[in-house]
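Only one structure is covered here, and it is reproduced in the block below.
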Amino acid sequence: MTRRFSRTEALIPDELRARLIDNGRASQEREDFDPRPVVKLFTPDGSPTWLITEGYEEPDGDLRLFGLC
């Protein structure tokens, strides 16, 4: 059975969002900080995969993400 997500469901849960923001802060404070990926984003019908390691919260509440593609 395929699970369908409502359009209001968050793509990144609050717990993972907090870890991404913590990694972003640590990356700003420590030059040698190299975090492990926290979130993996992909589509089953495409080839790109994103490994998200850190995030920075924008003033409007959005999250700017960084990682590997």
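Asn23 contributes a side-chain N or O that, together with a main-chain N or O of Thr53, makes up a donor-acceptor pair within less than 3.5 Å.
Hydrophobic clustering places Leu41 together with Ile21 (ILVMFWY residues linked when any side-chain heavy atoms are closer than 4.5 Å, directly or through intermediates). No continuous path of hydrophobic side-chain contacts links Phe66 to Leu51 [ILVMFWY only; heavy atoms under 4.5 Å]. Follow the hydrophobic side-chain contacts under 4.5 Å out from Leu20 and you reach Trp50 in the same cluster.
Shown here is Asp14, whose CG atom has no more than 12 heavy atoms of other residues, nucleotides or ligands within 6.0 Å.
Looking at Tyr56 and Glu58, their side chains never bring a donor and an acceptor atom within 3.5 Å of each other.
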message: Between Val39 and Ile12, is the side-chain contact (heavy atoms from CB on, under 4.5 Å) condition met? List the steps.
response: CA-CA 8 Å; Val39 175; Ile12 299 174; 4.3 Å; yes
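For the side-chain contact (heavy atoms from CB on, under 4.5 Å) test with Arg17, the passing option among Leu11, Leu63, Leu65 is Leu63; the others fail.
Note that the CZ atom of Arg36 and the CD atom of Glu54 stand 14.5 Å from one another [nearest 0.5 Å].
A salt bridge is defined here as a Lys NZ or Arg NE, NH1 or NH2 lying under 4.0 Å from an Asp or Glu carboxylate O, and Arg19 with Asp22 fails to meet this definition.
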